[in-house]
Structures are given as structure tokens and as C-alpha cells.
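All remarks here apply to the structure that follows.
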Number of protein chains: 2
Amino acid sequence: MTRKLQKATLADVAREAGVSMMTVSRVIHGTGRISDDTRQHVRQIIEKLEYRPNRAARTLVTKRTNMIAFVVPDITNPYFTEILQGVEEFFWREGYNVMLANSNENPEREKALLDQLESTMVDGVIVCASRLSDDELIPLIEKHAAIVTVNRNLPHHLGSVVTTLHPRGYRAVLAAKYLYETGRRRIGYVNLVRSISSVNLEMFMHELESLNIAVNPSWYATCKPTWQAGYDTGKVLLAEHPELDAVIAGNDLVALGVMRAAVEQGLRIPQDLAIIGGDDILMASQVTPPLTTFRSDKYSIGTMAAELLLRRVEGDLTYCEHHYDDVLIIREST
Amino acid sequence: MTRKLQKATLADVAREAGVSMMTVSRVIHGTGRISDDTRQHVRQIIEKLEYRPNRAARTLVTKRTNMIAFVVPDITNPYFTEILQGVEEFFWREGYNVMLANSNENPEREKALLDQLESTMVDGVIVCASRLSDDELIPLIEKHAAIVTVNRNLPHHLGSVVTTLHPRGYRAVLAAKYLYETGRRRIGYVNLVRSISSVNLEMFMHELESLNIAVNPSWYATCKPTWQAGYDTGKVLLAEHPELDAVIAGNDLVALGVMRAAVEQGLRIPQDLAIIGGDDILMASQVTPPLTTFRSDKYSIGTMAAELLLRRVEGDLTYCEHHYDDVLIIREST
DNA sequence: TCATTTTGAGTTAGCGTTAACCCAGAAAAT
DNA sequence: ATTTTCTGGGTTAACGCTAACTCAAAATGA
């Protein structure tokens with residue numbers, strides 16, 4: 001059996017079925033008035049010729065690609081993968097395909113992606129945890145027809161958003177408060193570079209002060225949201241500040257990196273050092289000791305974002321917000 | 001600033017620049033003969049009008065989409081994510097975009113994806129660890145112009161492949177051998193449903209017998225390649241067979257699920273039960289005790305597959321194989 | 001019986017690009 | 001001085017599909 005050389009087109013089907021192209025098109029779309037006989041007949045020919053509509057041609061005239069893009073800083077981060085799963089599942093049901101755009105924690109690459117992702121490629125874009133500043137991000141997304149951001153606020157006319165229910169810095173402050181209540185007095189913090197869980201350190205310190213928790217700017221570090229960065233940062237932070245009895249990390253990967261660094265320095269967890277993460281990835285519950293962290297329903301963050309995007313893609317440009325809850329899951333690392 | 005209503009087309013640029021459309025097209029592609037003056041001028045107009053080529057129109061005439069699809073059974077499995085990262089990185093450099101197709105460990109969905117992914121959508125497809133039988137898979141990929149499979153063999157005329165260097169069942173037998181050498185005598189096995197690491201149990205038992213290792217069909221179970229499935233399966237297997245002093249799992253997620261089940265049944269690892277996984281995902285090295293497993297370079301599996309696919313996309317349909325090595329990483333779970 | 005509506009199609013005109021071919025003027029070769 | 005070659009473009013015709021309009025025949029109503 002030799003490979004089919006030419007793909008059948010609408011015209012081929014029409015000719016073979018003895019009808020006009022529009023009739024075939026109508027059968028495919030289920031629109032217009034077609035007699036049952038004709039419909040049946042055309043369907044048979046379509047099957048016989050293994051006809052598949054040409055997406056490019058269709059897009060050219062309808063201006064719809066039935067594709068959306070998911071822009072993410074790191075596809076290997078399980079947090080994003082679960083969100084992506086929700087997005088993919090939702091759009092699959094709606095007949096859309098998802099294009100993946102991975103910036104690899106590289107802001108320049110994220111810019112290039114958003115710039116390249118022209119509206120002739122996708123009907124809409126979900127931008128997940130952008131690492132760009134507003135000044136960089138906003139001009140790039142102004143050109144897109146439909147945008148939804150996850151973990152990022154946006155001027156209302158530009159797109160809808162899915163964010164946490166809580167104000168910025170909530171997780172860090174709540175974590176600090178909990179640690180203080182369990183007797184910790186010198187609390188370090190590993191901040192993330194530009195993400196929703198990154199924290200304005202001034203505000204953070206101010207909040208801690210108002211809770212009578214000790215504050216020391218050199219206890220606070222910043223790193224990329226990866227395991228390796230957490231490990232490297234934790235190593236330095238813990239070596240330089242052996243007085244710390246707790247560390248809060250911006251997400252689980254970083255927390256687990258810090259935990260590994262702590263263990264290597266002979267610290268017992270949680271006796272010598274308590275650690276709190278964020279995101280509640282699977283690994284958080286599987287390590288020893290299991291990691292205290294914040295849980296949010298990542299899959300449904302994905303479906304919420306997808307639903308908001310679909311609305312915009314279909315022309316309803318009303319601004320919408322969906323919020324998810326962050327719940328502190330207390331495990332044995334604290 | 002109001003949203004731009006109409007996107008500029010080639011014709012707009014041509015009119016504004018006072019040249020023909022072909023001249024603009026040539027400037028964009030850097031082909032044909034264009035004077036420097038004209039080139040500069042056209043470039044300015046392109047920038048001024050923020051012209052971006054319409055992909056659908058281009059695709060319609062060139063028959064190239066500059067997109068490839070990555071078909072994967074479970075996007076939340078870190079093993080696949082790292083491969084995807086390699087694929088994405090490679091194709092990004094080559095000017096291609098990657099479409100994600102996630103079958104969610106559902107063979108019917110995988111079929112639907114492969115069927116829907118017509119060549120008018122993508123220039124090629126990487127099928128990663130297909131869960132379909134040959135009878136199901138082959139007819140589906142026959143229709144595609146360019147195919148590469150990962151962890152799956154293929155009739156040579158259909159596509160290139162990236163697989164392990166070792167024969168089927170190698171990992172399981174090697175693991176069993178190692179366990180036997182370290183004194184384990186009753187070795188359980190949790191097989192995966194249809195994947196490269198799934199094993200023909202008859203062959204497996206035969207190999208073990210030839211090594212004088214005890215064999216017992218009821219020590220061998222099969223499950224989906226997820227943590228939860230591993231946990232559930234491990235729970236049953238270990239409860240029914242307390243005599244087991246080692247378990248080999250098809251991949252790390254399953255191994256970690258089994259490990260959790262073992263710990264919950266009060267077993268000490270590795271004293272009471274040794275566990276071996278596969279894939280060496282990050283989590284494997286982070287749990288306590290760290291998991292003995294097989295390591296392969298997942299990122300480069302991705303780039304190898306991408307490279308092979310690009311070759312086919314560009315018209316070179318020679319069959320190629322790339323192989324990766326599986327190395328046993330001995331950690332404290334054994 | 002004749003006017004009106006409904007049914008079941010067909011026709012026309014692009015959508016925005018690029019491939020393939022054409023061509024006038026200038027420069028170079030004979 | 002004439003022919004040839006090169007330079008710097010332009011023209012035309014698809015690619016495969018759908019939106020919008022048209023229209024004959026059949027069914028319905030007065």
C-alpha cells in the first residue's frame with residue numbers, strides 16, 4: 001500500500017458526489033438546508049476519499065485558528081504542568097488545540113514568544129506567571145485579540161485574570177505568622193524573582209514588625225524558581241545565617257532545594273530548621289519530612305483560565321476575574 | 001490608544017512603500033534581488049505598519065505550517081516534561097512551534113489526537129511512549145508525512161525512532177540481577193501497561209530462572225504509570241505478599257507510590273524491602289531514602305527526536321535510529 | 001388557480017500569500 | 001555597435017475554503 005500522494009480537497013469530494021462545494025461544506029458544518037439523502041451521500045464520499053478539511057484555508061477565510069497558546073516560564077515545573085493539564089483538557093473538549101510556549105525562565109525568550117505569537121497563529125493566549133515587568137508585558141499583549149493571565153494582574157481592558165483570592169504577600173506573612181506561633185523567632189525568606197508569590201520585601205518586613213516578629217534584611221534572599229536555585233541559595237543563606245530557625249520559600253521546588261542544603265549542613269528538620277514551601281506539588285508530600293506548603297487546585301486554575309479565555313475568544317471582552325484559594329497544608333517540615 | 005482594528009497585509013505594505021507585493025515578500029524572505037535602498041525602505045514600512053505575515057495564507061500556498069506536534073501520554077509526568085523541554089528548545093531554534101497533544105493515559109484519546117492531527121495542522125509529529133498497540137498505531141501514523149517515535153519501534157518506512165540502547169526487558173532483568181547480588185531473594189515486579197519499560201513477563205521469568213532467581217507469577221502486577229496507580233498496586237501486592245524483599249517498578253512514579261505503600265505498612269526501606277524505579281526524575285533523588293533507579297538523559301532524548309523529525313520534515317525520509325543509555329543509579333532504597 | 005413561502009441547493013468573490021514566469025533598462029562582453 | 005548578461009523588480013495565477021447572495025422547484029396558503 002503506497003502513500004497517498006495528494007490529499008482530497010472539498011472540490012474532489014464535490015465532484016465525486018456530484019454536488020457543489022458549498023453542499024459539502026454545509027454537510028461538514030451541519031449548517032444550511034440539506035436533504036437527508038444528499039447528506040448521507042456526501043458523508044459516504046467524504047469517508048471514501050478520507051477527506052480532511054484544510055485548516056489553513058479555513059483559517060484564511062474565517063480568521064479563526066482554533067488554537068490557543070499557553071505561555072509558561074518552565075514546563076518542567078510540576079506546578080505549571082498541572083495547570084496546563086486543566087487548560088488542555090478544557091480546550092480539547094471545545095475543539096481547540098493548545099500550543100505550548102516555554103520561556104525557560106528567560107524573559108527575553110518570553111518577549112520573543114509573545115511577539116511572535118501573532119493572532120494569525122492563535123485565537124488567544126494564556127500567559128502563566130509572566131516573568132516580565134508590566135512595562136514589558138503590556139505592550140506585547142495589547143496586540144493580541146484574547147488574553148488571560150494566571151497569577152498576574154492586568155489592566156482590565158486587556159484581558160481577564162485568574163489569581164489567588166488573597167492579597168500579594170499573603171502566603172509569606174501567613175507562613176511567618178504560623179512559624180512564629182510554633183515558636184520560631186528568626187525567620188528567613190527565599191523570594192522568587194518576579195512571580196505572584198514574590199513579595200515586596202518592604203511590605204513583608206512591615207507586616208512582620210506589626211506582628212512583633214524579628215526582621216533582618218540579610219535573612220531574605222531572592223532566586224529563580226527552580227530546585228537548583230533553591231539549593232544554591234539555601235546553601236549560602238544557611239551558611240551565612242546559622243541563627244535562622246525557619247525558612248519560607250516562594251515555592252516548593254525552592255523549598256526542597258533549601259531543605260536539601262539544610263540537611264547537607266547537618267541541620268535536622270524541623271527541630272533545627274522549619275521550612276515552608278508553596279504550590280503543594282506531589283514531591284512536597286513525598287519527601288522526608290513532608291513539606292508544609294500552600295495548596296491550590298492547580299488543575300482547576302487551568303480550567304478557569306481556559307474558560308475565561310474561551311469567552312474572550314468568542315467575542316465577549318468583558319473583564320472577568322477568577323480566584324483560587326491558597327490553603328496552608330501543615331506537614332512535618334514545621 | 002485604541003485597539004488596532006485591521007491588521008496590515010502584504011498589499012498594505014506594498015501600497016505604502018510604492019512597490020509590488022512580491023518585492024515585500026522578497027524582502028521578508030531575503031530572497032531574490034532587491035536593491036539596498038528598496039530593502040531599507042520596505043523594512044521601514046513593515047515596522048511602521050507593524051506588519052506580520054499571515055501564517056494561514058502562507059501555509060495555504062507553501063503547504064508548510066512550521067508546527068510540529070508532541071504526543072504524550074501524561075503531561076504531568078516529569079519524565080515526559082523533560083523530553084518535551086528538549087523538543088521545544090530544539091524546534092524553537094529552528095523556527096518551529098510545538099503543539100501539545102496530551103492523551104492523559106487514555107488510548108482512545110491518543111487515537112483521536114493522531115487522527116485529528118492532520119498534516120494541514122503540523123509538519124510532523126513526535127509520538128512519545130505510545131500506549132497503543134501496533135495494530136492501532138500504525139494505520140494512524142501512516143497518514144502523517146513525518147513521524148518520529150520515542151520509546152517505540154516502528155516499521156522503518158513509517159518513521160525514525162529514539163529508543164534505549166538495550167533490548168526490551170533489560171532494565172527489569174538488570175535490576176533483578178543487582179537485587180539478587182545484594183541478597184534479595186523474593187523479587188516483585190510492577191509492570192507498566194504498554195510502554196517501553198513494560199516487560200514481557202514470560203521472558204522476564206525465563207531470564208530470572210536462567211539466573212537462578214526465584215520466580216512467582218503472583219509477585220508480578222501491572223498498573224498505569226502514575227504515582228497513584230503505583231500506590232494502589234503496591235498496597236495490594238505487599239499486603240498479599242509479605243514475603244517479598246524487593247520490588248522493581250516500571251518507572252519512578254510507580255516506585256515512589258509503592259514506597260509510600262510500603263512505609264504505610266510499616267516496612268523499613270531498604271532493610272525490609274528494596275525498591276528500584278526507572279527514569280530518575282528529580283523526585284527520585286529527593287525522597288528518603290533516595291530511590292535506586294535508571295537514568296537516561298531525557299533532555300537529549302528530546303533533542304534527538306526533534307533532530308530526527310526535522311530531517312524528515314525537510315524531506316529526508318531515510319530511516320534513522322538514535323539510542324540512549326540507561327544507567328543504574330544506586331541509591332539508598334536498595 | 002395564483003401568490004407566497006420553504007426547501008435544497010448553486011454561484012461568485014474573495015481571504016493573504018507565494019511560485020513561476022516575464023520584462024525593461026543598465027552593465028558587460030564581443 | 002551589437003549582443004549578452006545581470007539587476008531589480010512586476011504580473012498572474014493559484015492554494016482550499018466559506019460568506020453572502022441567488023434561484024428554481026416544491027409545498028403551502030388564500
Side-chain angles (χ1 to χ4, degrees), chain A residues 4-43 45-46 49-67 95 118-123 145 315, chain B residues 4-43 45-46 49-67 95 118-123 145 315:
Chain A
K4 206 145 282 172
L5 294 178
Q6 285 285 72
K7 305 204 58 170
T9 70
L10 251 199
D12 296 333
V13 177
R15 193 180 322 110
E16 183 81 12
V19 299
S20 74
M21 281 168 46
M22 272 317 290
T23 301
V24 181
S25 177
R26 285 179 181 122
V27 169
I28 289 166
H29 288 82
T31 59
R33 294 188 230 278
I34 305 286
S35 72
D36 280 353
D37 285 358
T38 311
R39 194 193 322 278
Q40 296 276 331
H41 181 226
V42 169
R43 286 216 174 111
I45 305 294
I46 287 178
L49 300 186
E50 293 187 324
Y51 168 74
R52 299 280 189 280
N54 181 315
R55 301 263 262 168
R58 183 179 282 175
T59 294
L60 191 55
V61 29
T62 62
K63 271 102 180 73
R64 299 285 300 273
T65 62
N66 270 256
M67 278 222 254
E118 281 301 325
S119 48
T120 59
M121 288 193 63
V122 291
D123 295 337
Chain B
K4 205 146 284 172
L5 293 179
Q6 284 287 74
K7 306 204 59 173
T9 70
L10 250 200
D12 296 332
V13 177
R15 195 180 320 113
E16 184 83 9
V19 299
S20 76
M21 283 168 43
M22 271 317 289
T23 301
V24 181
S25 178
R26 285 181 180 120
V27 168
I28 289 167
H29 288 81
T31 60
R33 295 190 227 277
I34 306 285
S35 72
D36 280 354
D37 284 358
T38 311
R39 194 194 321 278
Q40 295 277 329
H41 181 225
V42 169
R43 286 215 175 114
I45 304 293
I46 287 177
L49 300 186
E50 293 187 323
Y51 168 75
R52 298 281 188 283
N54 182 315
R55 301 263 255 164
R58 183 178 282 177
T59 294
L60 191 55
V61 32
T62 62
K63 270 96 178 86
R64 297 286 301 271
T65 62
N66 270 256
M67 281 221 251
E118 280 300 323
S119 47
T120 60
M121 289 193 63
V122 291
D123 296 336

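A note on names: the letters A, B, ... follow the listed sequences, proteins ahead of strands, and every chain is numbered from 1.
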Do A:Tyr51 and A:Ile45 come close enough that some side-chain heavy atom pair is under 4.5 Å?
no

Just to be sure I understand the rule, does B:Thr59 reach a base, reach only the sugar-phosphate, or reach nothing, if contact means heavy atoms closer than 4.0 Å? nothing

Against the side chain of A:Ile34, the closest entry in D:dG8, C:dA9, D:dG10 is C:dA9

A:Ala57 and B:Leu60 have their tightest heavy-atom pair at CB-CD1, 3.6 Å

**Study point:** Any B:Thr38 side-chain nitrogen or oxygen under 4.0 Å from OP1 or OP2 of D:dG9
**Key:** yes

Tell me what B:Thr120 touches on the nucleic acid: a base, only sugar-phosphate, or nothing, going by heavy atoms under 4.0 Å. nothing

In whole angstroms, the gap separating P of C:dG8 from CZ of A:Arg33 amounts to 8 Å

Rounded to whole Å, the CZ-P distance (A:Arg15 to C:dG10) equals 14 Å

Separation of C:dG8 atom C1' from A:His41 atom NE2, nearest Å, is 16 Å

In terms of heavy-atom contacts, A:Asp12 and A:Lys7 come closest through OD2-O, 3.9 Å

From CD of B:Gln40 across to C1' of D:dG8 the rounded distance in Å is 16 Å

Smallest heavy-atom separation, B:Val19 atom then B:Val24 atom, equals CG2-CG2, 3.8 Å

The reported gap from CG in A:Leu10 to CZ in A:Arg15 (rounded to nearest 0.5 angstrom) is 11.0 Å

Every protein N/O within reach of nucleotides 25-28 of chain D N/O, cut-off under 3.5 Å:
none

In whole angstroms, the gap separating P of D:dC15 from CG of A:Asp12 amounts to 11 Å

When rounded to whole Å, the NZ to C1' distance for the pair A:Lys7 and D:dC17 reads 14 Å

message: Measuring to OP1 and OP2 of D:dG16, would you say a side-chain N or O of B:Lys63 lies under 4.0 angstrom away?
response: yes

Contacts satisfying salt bridge (charged side-chain N to carboxylate O under 4.0 Å, His left out) that involve residues 19-28 of chain A (not counting sequence neighbours) are none

To the nearest angstrom, the CZ-P distance between B:Arg55 and D:dC17 comes to 20 Å

d(A:Arg55 CZ, B:Thr59 OG1) to nearest 0.5 Å is 11.5 Å

When rounded to the nearest 0.5 Å, the distance separating OG1 of B:Thr120 from CE of B:Met67 is 10.0 Å

In short, salt bridge (charged side-chain N to carboxylate O under 4.0 Å, His left out) pairs touching residues 56-66 of chain B with sequence neighbours left out are B:Arg64-B:Asp123

In short, the helix from C:dT1-D:dA30 to C:dT30-D:dA1 is bent end to end, axes from five pairs each side, to 10°, by 40°

Just distance, no hydrogens or angles: give the donor-acceptor pairs under 3.5 Å from side chains in residues 34-42 of chain A, sequence neighbours left out.
{"unit_1": "A:Ser35", "atom_1": "OG", "unit_2": "A:Thr38", "atom_2": "N", "d": "3.3"}
{"unit_1": "A:Ser35", "atom_1": "OG", "unit_2": "A:Thr38", "atom_2": "OG1", "d": "2.8"}
{"unit_1": "A:Arg39", "atom_1": "NH2", "unit_2": "A:Ile34", "atom_2": "O", "d": "3.0"}

In B/S/- notation (B base, S sugar-phosphate only, - none; protein heavy atoms under 4.0 Å), nucleotides 17-22 of chain C written 5' to 3' is BBBBB-

